[in-house]
Participant: 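Pasting in a structure now, in structure tokens, and then I'll have a few things to ask.
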Amino acid sequence: NQLDERIKSVEKERNEKEAILSNMIEGVICVDLDERLSSVNKAATEFLGHDGSQKILGSTIQSVIRHTELQCFISKVLNCADCVKEGIVIQDRFGRYLHVHGTPLSNLRGHTTGALIVLHDVTQLKHLETIRKEFVANVSHELKTPVTLIQGFVETLLDGAAQNPIDRDRFLGIIKTHSDRLDAIIEDLLTLSRLEQYKDPSEIGFEKVCLNEVVLKVIDNCITKAAEKQITIKHPEVSTMYVIGNSHLLEQALLNLVENAIKYSLQNTEITLTLAQKDQHCMLIVTDQGLGIAEEHLSRIFERFYRVDKARSRKEGGTGLGLAIVKHIVQVQGGWVEVSSQVGHGSAFSMVLPIAS
Ligand code: ADP
């Protein structure tokens with residue numbers, strides 16, 4: 001009976017261990033001193049590109065691991081544990097980044113009997129790190145350009161140009177333009193960072209918002225700018241529509257879209273602001289007859305600092321952050337953005353928001 005109990009308890013422990021290992025998202029590999037696989041879980045089998053662990057158990061690492069860097073790493077862990085404390089990052093055949101960590105296994109007498117290798121998928125982290133690096137590089141570049149220009153003109157003024165009133169006024173005008181630009185970039189960056197910090201709707205202050213009122217307010221704000229280019233803003237009458245959201249943020253998002261429509265349209269064209277209902281969602285669509293955007297740019301224009309025509313955007317006072325802000329505002333209110341466009345014919349940007357019951 002005692003033997004029976006023992007066997008049952010050993011079996012239970014083994015099953016538990018196997019269940020834990022096979023349900024881990026990390027890949028776990030054990031190798032013995034002969035560099036043969038003594039244990040490997042489901043995740044590791046998949047990372048190594050094999051169908052089942054049974055087929056590879058007992059095989060040498062050289063025959064089942066195609067990654068030479070990983071083979072060398074395992075050999076190093078078996079021979080010199082201290083050299084590999086940091087671990088390594090490798091890429092598997094699907095392009096996933098795996099962080100590999102190794103620890104030598106030892107028996108009760110302290111002799112090394114093998115090595116335990118843990119593989120952790122860090123693709124998402126790598127991706128975020130790349131985005132962060134790109135973002136920092138972009139911000140620095142965007143800020144550096146106006147600062148360099150401001151410095152240059154201030155130096156010219158100090159070197160004597162200030163004596164000539166015409167030059168002085170012209171250079172001060174340029175300095176003002178570029179400092180306004182710096183201010184606009186910083187303001188947009190702060191807006192984005194505030195939007196990212198919101199964790200739930202209560203922090204933003206949600207209320208029942210009448211979209212028709214939002215549209216009328218934005219038209220009021222843009223009418224002068226549009227008139228300067230003889231652009232007409234149209235708004236077909238529709239029944240009143242409500243969403244649960246934040247009216248200031250919605251106004252800001254719609255304003256960005258209408259300002260873009262004005263910026264990227266030629267004189268004597270039309271912009272239409274349409275409200276429509278689609279299933280359980282309200283759609284706010286800004287249609288212009290402007291330059292349009294080529295197909296290859298459409299998936300990227302909502303990224304920070306992405307511009308189709310950099311020179312034109314800068315000339316129009318754009319920061320390259322407007323559409324990223326629109327996307328974030330709509331997302332924090334549970335919606336999404338859509339765009340369709342045709343070069344030379346115009347674009348239609350839509351904000352799709354859940355309708356208030
Ligand atoms: P910007 O400050 O440069 O306008 P946005 O993030 O608002 O930055 O827009 C990103 C880019 O998308 C713009 O630089 C422009 O190339 C393009 N774009 C945005 N709206 C329109 C539009 N209505 N028509 C044509 N191109 C547009």
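Just so you know, ligand 1 is whichever comes first in the structure, and atom 1 is the first atom listed for that ligand.
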Participant: So is V308 polar-close to ligand 1, meaning N/O to N/O under 3.5 Å?
Facilitator: yes
Participant: Checking a contact table here: which protein heavy atom is nearest atom 23 (N) of ligand 1, and how many Å away?
Facilitator: D288 OD2, 2.8 Å
Participant: Give a yes/no verdict on a cation-pi contact between R304 and F135, requiring under 6.0 Å between NZ or CZ and the six-membered ring centre and an angle within 45° of the axis.
Facilitator: yes
Participant: For G320, take its heavy atoms, then give the atoms of ligand 1 lying under 4.0 Å from any of them.
Facilitator: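 Selected atoms, number and element: 1 (P), 2 (O), 3 (O), 6 (O), 8 (O).
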Participant: What protein heavy atom sits nearest atom 19 (C) of ligand 1, and how far off is it?
Facilitator: N260 ND2, 3.6 Å
Participant: For K263, is the nearest heavy atom under 4.0 Å from an atom of ligand 1?
Facilitator: yes
Participant: Looking at E129 and K133, does any basic side-chain N land under 4.0 Å from a carboxylate oxygen?
Facilitator: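 Judged by the 4.0 Å cut-off on N to carboxylate O distance, E129 and K133 do form a salt bridge.
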Participant: Without hydrogens or angle criteria, can the side chains of E35 and S75 be said to hold a donor-acceptor pair below 3.5 Å?
Facilitator: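 S75 and E35 do have a side-chain donor-acceptor pair below 3.5 Å.
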Participant: Give yes if a backbone or side-chain nitrogen or oxygen of F349 is under 3.5 Å from a nitrogen or oxygen of ligand 1, and no if not.
Facilitator: no
Participant: Is L291 near ligand 1, meaning one of its heavy atoms is under 4.0 Å from it?
Facilitator: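 Flag not set, L291 not near ligand 1.
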Participant: So between A324, G318, S313, G292, whose heavy atom ends up nearest atom 3 (O) of ligand 1?
Facilitator: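 Selected option, by shortest heavy-atom distance: S313.
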Participant: Output the list of atoms in ligand 1 that are nearer than 4.0 Å to some heavy atom of T319, sorted by atom number.
Facilitator: 2 (O)
Participant: Select one of side chain, backbone, both or neither to describe which atoms of L321 lie under 4.0 Å from any atom of ligand 1, heavy atoms only.
Facilitator: backbone
Participant: Does R300 come within less than 4.0 Å of E303, counting only side-chain N to carboxylate O?
Facilitator: yes
Participant: Is the shortest side-chain N to carboxylate O distance from R307 to E142 below 4.0 Å?
Facilitator: yes
Participant: What atoms of ligand 1 come within less than 4.0 Å of a heavy atom belonging to I293?
Facilitator: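 It comes down to these atoms of ligand 1: 18 (N), 25 (C), 26 (N), 27 (C).
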Participant: Would you check the N or O atoms of L323, main chain and side chain alike, for any that come under 3.5 Å of an N or O of ligand 1?
Facilitator: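 Between L323 and ligand 1, an N or O pair is found under 3.5 Å apart.
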Participant: Are there over 12 heavy-atom neighbours, none belonging to Q280, within less than 6.0 Å of that residue's CD?
Facilitator: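 No - once you tally the heavy atoms of other residues, nucleotides and ligands closer than 6.0 Å, there are 12 at most.
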Participant: In terms of atom number and element, which parts of ligand 1 are under 4.0 angstrom from non-hydrogen atoms of G322?
Facilitator: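 Every atom of ligand 1 under 4.0 Å from some heavy atom of G322: 5 (P), 6 (O), 7 (O).
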Participant: Just verifying a value: how many Å separate L291 CG and R312 CZ, rounded to the nearest 0.5 Å?
Facilitator: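 It comes to 4.5 Å.
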Participant: Nearest protein heavy-atom contact for atom 13 (C) of ligand 1: which residue, which atom, what distance?
Facilitator: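 Ranked first by proximity to atom 13 (C) of ligand 1 is Y264 OH, 3.4 Å.
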Participant: At less than 4.0 angstrom from any non-hydrogen atom of Y306, what atoms of ligand 1 do you find?
Facilitator: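 Answer, ordered by atom number: 10 (C), 11 (C).
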Participant: Verify the distance criterion only: is there a donor paired with an acceptor across the side chains of T319 and D188 at less than 3.5 Å?
Facilitator: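 Yes, because at least one side-chain N or O of T319 sits under 3.5 Å from a partner of the opposite role on D188.
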Participant: Suppose we measure from atom 12 (O) of ligand 1 to each protein heavy atom; which comes out shortest, and what is that distance?
Facilitator: I301 CG2, 3.6 Å
Participant: Just checking, any donor-acceptor pair under 3.5 angstrom between side chains of Y97 and H127?
Facilitator: no
Participant: Looking at D32 and R36, does any basic side-chain N land under 4.0 Å from a carboxylate oxygen?
Facilitator: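 No salt bridge links D32 with R36.
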